[in-house]
Every structure is written in structure tokens, then in C-alpha cells.
Amino acid sequence: MLDQRLLRENPDLIATQLARRGISLDLGELQQLAQQARDLGEQRSGLQAEGNRIGKEVGSLIKGGAAQGGPEVAALRDQGNRIKQQVAALEEEEKGLEARLQEQLLGLPNLPSALAPEGRSEAENVEVKRWGEPRLPGPGESLEEHWQIAERLALVDTERSVRIAQSRFVTLLGDGARLERALIAFMLDLHGRRGYTEVLPPILVNTASLTGSGQLPKFAEESFRCDSDDLWLTPTAEVPLTSLHRDEVIAADQLPLRYCAYTPCFRREAGSYGRDTRGLIRLHQFNKVELYWFSRPEDSEAAHEQLTRDAEAVLEALALPYRRIELCTGDLGFSAARTYDLEVWLAGAGTYREISSCSTCGDFQARRASIRCKEGKGTRLLHTLNGSGLAIGRTMAALLEHGQQGDGSVRLPAALVPYFGRDRLTPEA
RNA sequence: GGAGAGGUGGCCGAGUGGUCGAAGGCGCAGCACUGGAAAUGCUGUAUAGGGGUAACUCUAUCGAGGGUUCGAAUCCCUCCCUCUCCGCCA
């Protein structure tokens, strides 16, 4: 959520910055709404002050011996009643305005960081770096895509998943299930060694939590909802992790707080019919290990680099080639001020594919979720950052495509052996 | 799900409908004392919003929302949460 003070004092800045995202917006209505709400509030609190004064006066009159039903007391009582009615009327109007204002503000995305490159769409994202050698098919060799390998090795059962749930769900079997579990444990251990506190949060979250991290109110159609309970299936661990410290004030010397969490993630993927229909790339339910930082505002830029490095460390430990892309202003997510996407090389598909998205949200989520830090006198909003470290299903896809052998088996990186128990997936196994 | 108890500042804990943003204690900060510290003493110590260059000031907040009243932490209603016991359950 954007700062109301900024709206009042520098609306042009908001308009210019949102324009960098490709949003042209007339802030006039919003400003007017804010102004009206403020005027009403001023009027109301003035009346309340008057009412408080009368109340005290009655108190001291009675204490001084005036009769409860005496003329002075009765006059003040009438006056108090009139004020009460006026206050009630103003309050109702103010509430309506505040609700509208809040609704509109909650629907506005974050302002892009000054550092985010200009651009209108995905096409203008900027490649920052590449790591590793993308595997290309040798002469006469054709590389399979991960879903072909997975089916051939009986790691997944797609058809039966429809029976259990729906399309876009997957059931992992045998080595597939074990590899998924190994990857989760491997990543959590890696991040734990790098200083993250492991968290296993609830994956049903309430409306306030989704609003705090920015999924609501705008993207309700993207989440699964438990209608009778004000609970939703979390679309990413970013949601419960943001709310881990919702409505808290954290001493600055405790920062940064760094968490990693494995959760299943649930997304309705509305409007993606026909895209990535095979395999592990786009599912209604998938597993992910998430990294999350609560940082002092001054430190969040460096934190963003570090968080991204921590995600890259997973890919490097698994020897998976990747590149780092910085999203241009037009491609930034709703809550992000600046984002690096990590794209892993899918050898069978012959493309780089997003496997992690590392964002700094500035104070955007902190304002929505009311998370502050305290340093000396006074409090201020802190900064939040999040990134995948990594999406498990896509990691498995990359491993299968990268490690496939001419004999039909798949070689796994050495780092996984302690977790999976073998260095190879074979047809017979 | 049933029965009971309870939710007050960073923490503990008092609070008779009238000057209560709230006693007292702990903690924390500053000052004094000390060679330095401990102990002690004094002073200060919530958050959000509005107004003011500032000193300061106004409003709101005692789980949340309603109500009664000139006036509510205190009385009434609804809801939420926590704890104890019973039931059920991985």
C-alpha cells in the first residue's frame, strides 16, 4: 500500500512512478477523497473535544454539589446530546469515505524502485548474468523434456491425479516422491547453514494475511478459498511469513530477520488454460521453499542482492545452469519494487525457465501488514523481501532434463546423494 | 462440540461510571553518587492520526464491534482469542 502522506504531499511522484509500470491513473479522485476524509476527521475531532469538555464540566458541577437534575446540568446534558448526534453523523460519513479510500489504495501496486530498469513488458527485462554451461543436444542426440522422462521412469502419474483431484495436479510416485522430499530437505538444510531460521507455517491463511502481503483484494480469483471459514489456501509462503510479524514493532538491532519455509503452494492459475499443460511446470498445487527477510530500510538493497545470491546458491550447488534477469518496470509484480528472476536452463525444452523470483517490496507490505522497526525514538516501517529458494517441481524438471543419459537414466548432482541415497534414476528402479 | 476462567502499556499487575493514557512494580534510557562498577536516589519512558517552525496541542486506542450515559478500562449485547476440565481426534 502506498503512503497516504505521499499522496497528499507529492501526488505527481506517485503518478510518474506508476506510469513507469505502464499505469496511467488520475489521482484527482483519490486525492479528493483523502482530503474530504481528512477535513471530516478534523471537524469530528473538534466536536469530540467539545463533548469531552462538557462531560468534564458536568462531572465537576456534580462534585461541587449541583443537583443531578439541576438547570445547569440539564443544559449541558442537552448540549452533549446534540454534539453526540453530530459526531455520529460525521463518523458515519467519514467511515464511508475511509472505506472507499482504503479500497482504492489497497488496489494500487507498489512504486518501482529507482533502480528498476524502464520497460513495458517482459521483452524489455534485462539479463544480468549467466552461470554454468547450458546443455545442448550432441550430434544426433535428442533431449527429452522432463515430463517425458518423468513418465518413462514412472516418477509421476498425471492421469490418476485427475481422478483424485483435477487437471493441473500431479501425483509423485516412488523415486519421484522421494526426490521431491530430498530436494525440500536439501534446500532447507542449505539455507539453514546460511543463517536462515526454518519455519513451517500454516498453509491456510486468513484474509488479513493475504491483504498484508498484497494478494488481496486485487487477486482474489487467483487463490483457493475455504468459503465457510475466512481461510484461504496459501499461494506462496510469502503470505504466512509476512504475517509472522504482522502488527509488530521489532527492535532494529534484531534485524535482519531471515526465514526460510517449505510449503505447498496453491494457485488457481486462472486464465492460463492451455499453457504448460504437461509436466511439473504449472500446477494448482506445487511445493516451494521460500526465503524471506525483514530488513532495516537502509539495508534492503544489499539484502536483495544477498537474498538473490542465497537462491542462486541452490542452483549452483545442484550444478544447474541459470541466468539472472532483472525485471523491467512494466513486468514487476504487484508488491515488488524491484525483482530479479532466476531462470534455470531446461535442456530438453531448450529454454531458460523461471525458477525463482527475488523481490524487494520496500515498505509496501510492511505498511499493509503494519510491521515496524524501532531504533531510538519513534518507529518506522521496515522493509520486506522475498524469493523462492527454490520452486521444487521446476527444480526437479531441470534436474531430469539436465541429467538425462543416453541409456535412459538420469544422473543426479553429488550434493543430492546424501538426501536421495543414489546418484542416478534408472528405468528399472 | 460441552462446562468454567480470563484478555489492561515492552513485561507483571491495580483500577469505586467523572481530570484515567491509566496506580505500583519490573525492564529500559538519562543524570547523581563511584577510581570503575554493583547497590541506591532522582528524572524520563505507549502507539496512530490531525494542527503548529517549535514548545506544544487536539482526537482515538485498556481483545474487536455495537449499545446505555452529559461522561465507560469500569455497565449491557455480540463476536474473536487464550487458559483449565470433559468429549472427539492424527
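The chains referred to below are lettered A, B, ... by the order of the sequence lines, with proteins before strands, and numbering in each begins at 1. Model, not experiment: these values are computed from the prediction.
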Fill in: Beyond-backbone contact of Leu76(A) with Leu61(A), side-chain heavy atoms, under 4.5 angstrom
yes
Worksheet item: How do Val249(A) and Lys84(A) order along RNA chain B: which one's closest nucleotide is nearer the 5' end?
Response: Val249(A)
Worksheet item: When the C1' atoms of rG63(B) and rC83(B) are considered, how many whole Å apart are they?
Response: 15 Å
Worksheet item: With both distances under 3.5 Å as the test, what is the Watson-Crick or G-U wobble partner of rC20(B)?
Response: none
Item to complete: Determine the Euclidean distance between corresponding P atoms of rC81(B) and rG27(B); express it in Å to zero decimal places.
Response: 36 Å
Discussion item. Test: salt bridge (charged side-chain N to carboxylate O under 4.0 Å, His left out). Region: residues 380-399 of chain A. Which pairs qualify, not counting sequence neighbours?
Written reply: Glu298(A)-Arg380(A), Glu375(A)-Arg380(A)
Worksheet entry | Complementary nucleotide of rA32(B), counting Watson-Crick and G-U pairs under 3.5 Å | rU40(B)
Discussion item. What contact category does Arg5(A) fall into here, base, sugar-phosphate, or nothing, at under 4.0 angstrom with non-hydrogen atoms?
Written reply: sugar-phosphate
Discussion item. Using the C1' atom as the point on both nucleotides, what is the distance between rA90(B) and rC79(B), in whole Å?
Written reply: 30 Å
Practice prompt. Determine, step by step, whether Val73(A) and Arg77(A) satisfy the side chain to side chain contact (heavy atoms under 4.5 Å, CB included) criterion, reporting the C-alpha distance in whole Å, the side-chain angles of both residues, the deciding distance to 0.1 Å, and the verdict.
Written response: CA-CA 6 Å; Val73(A) 172; Arg77(A) 249 201 276 237; 3.7 Å; yes
Worksheet item: Just wondering, do Ile203(A) and Pro264(A) contact through their side chains at under 4.5 Å, heavy atoms?
Response: yes
Worksheet item: How far does the C1' atom of rG30(B) sit from the matching atom of rU84(B), given to the nearest Å?
Response: 45 Å
Item to complete: By nearest nucleotide on RNA chain B, pick out whichever of Gly80(A) and Asn52(A) is the more 5' one.
Response: Asn52(A)
Worksheet entry | rU19(B) and rG15(B), which share atom name C1', separated by this distance in whole Å | 16 Å
Worksheet item: Taking a pair as Watson-Crick or G-U wobble with both distances under 3.5 Å, which nucleotide is matched to rA5(B)?
Response: rU82(B)
Worksheet item: When the C1' atoms of rC75(B) and rU69(B) are considered, how many whole Å apart are they?
Response: 10 Å
Discussion item. Could you tell me the Watson-Crick or G-U partner of rA48(B), where both distances fall under 3.5 Å? Say none if there is no partner.
Written reply: rU59(B)
Practice prompt. Considering only heavy atoms of chain A and a distance under 4.0 Å, specify the first and last nucleotide of RNA chain B in 5' to 3' order that meet this criterion.
Written response: rG18(B) to rG71(B)
Worksheet entry | Sugar-phosphate, base or nothing in reach of Ser60(A), heavy atoms under 4.0 Å | base
Practice prompt. Go through the side-chain N and O atoms of Thr242(A) and Ser213(A) and say whether any donor and acceptor fall under 3.5 Å apart.
Written response: no
Worksheet item: Do the ring planes of Tyr340(A) and His304(A) sit parallel (below 30°), tilted (30 to 60°) or perpendicular (above 60°)?
Response: parallel
Worksheet item: Phe224(A) vs Phe169(A) aromatic rings, parallel, tilted or perpendicular, using cut-offs 30° and 60°?
Response: tilted
